[in-house]
Amino acid sequence: MELFWSKGYEATSVSDLTAELGVHPGSLYRTFGDKHGLFLRALDRYRQTQARELAPALLAGGPVLPRIRAVLIGFIELAAEQPEPRGCLAANTAGELLPGDGDVARGVAEVLSDVEDGFLQGLRTAASQGEIASSLDLPVARPR
């Protein structure tokens, strides 16, 4: 995941991947099928470790708005601290591989949906706690 995130899909070679993972190319192909299969798994890992962690972080208790602010500032600070800025894996992937890859499109959509859902859960909680107006026009929750 980190290698694809830093270099991008096209610039990451199978040699880069096997060196990073410490495996023989045959092992990579047997396990993941090909570079694309490994990339899809990396994108799902990004979803699990980055996007899906947003809602629990925002809903950990107490006021929500300071948590939303901290998350947004954290995104900026993390980007500024990187020796070579790498941005968001989902956004980078959308720019590099879409619209031509349906599997990647689904993966990116799932990441973005989880991020949107996390912020919406936070805003709904903030409204129910009186931090923002309860009359705020928030989208209806989508079925999962």
Is the shortest heavy-atom distance from the side chain of P66 to the side chain of R69 under 4.5 Å? no
Can you check whether D114 reaches L54 side chain to side chain, under 4.5 Å on heavy atoms? no
Is there a side-chain contact between L40 and V104, using heavy atoms and a 4.5 Å cut-off? yes
Please say yes or no: joined through hydrophobic side-chain contacts below 4.5 Å, possibly via intermediate residues, are L65 and I76 part of one cluster? no
Evaluate the ring planes of F4 and Y9, with Trp represented by its six-membered ring, and classify them as parallel (under 30°), tilted (30 to 60°) or perpendicular (over 60°). parallel
Tell me whether the count of non-hydrogen atoms from other residues, nucleotides or ligands lying under 6.0 Å of CZ in R86 goes above 12. yes
Student check: side-chain heavy atoms of Q121 and V64 closer than 4.5 Å: no
Is there a continuous path of hydrophobic side-chain contacts, each under 4.5 Å between heavy atoms, that joins V71 to L78? no
Any side-chain heavy-atom pair from T12 and F39 closer than 4.5 angstrom? no
For D101 and H36, which I'm curious about, is there any donor-acceptor pair between the side chains at under 3.5 Å? yes
Would you say the side chain of L21 lies within less than 4.5 Å of the side chain of L38, judging by non-hydrogen atoms? yes
Is any side-chain heavy atom of L3 less than 4.5 Å from a side-chain heavy atom of D16? yes
Residues that F119 engages under ring-ring contact (aromatic ring centres under 6.0 Å, His included), provided they are two or more places apart: none
Could you go through the side-chain contact (heavy atoms from CB on, under 4.5 Å) check for E10 and L97 one step at a time? CA-CA 9 Å; E10 293 296 337; L97 297 176; 3.9 Å; yes
Could you tell me whether D44 and R41 have a side-chain N and a carboxylate O separated by less than 4.0 Å? no
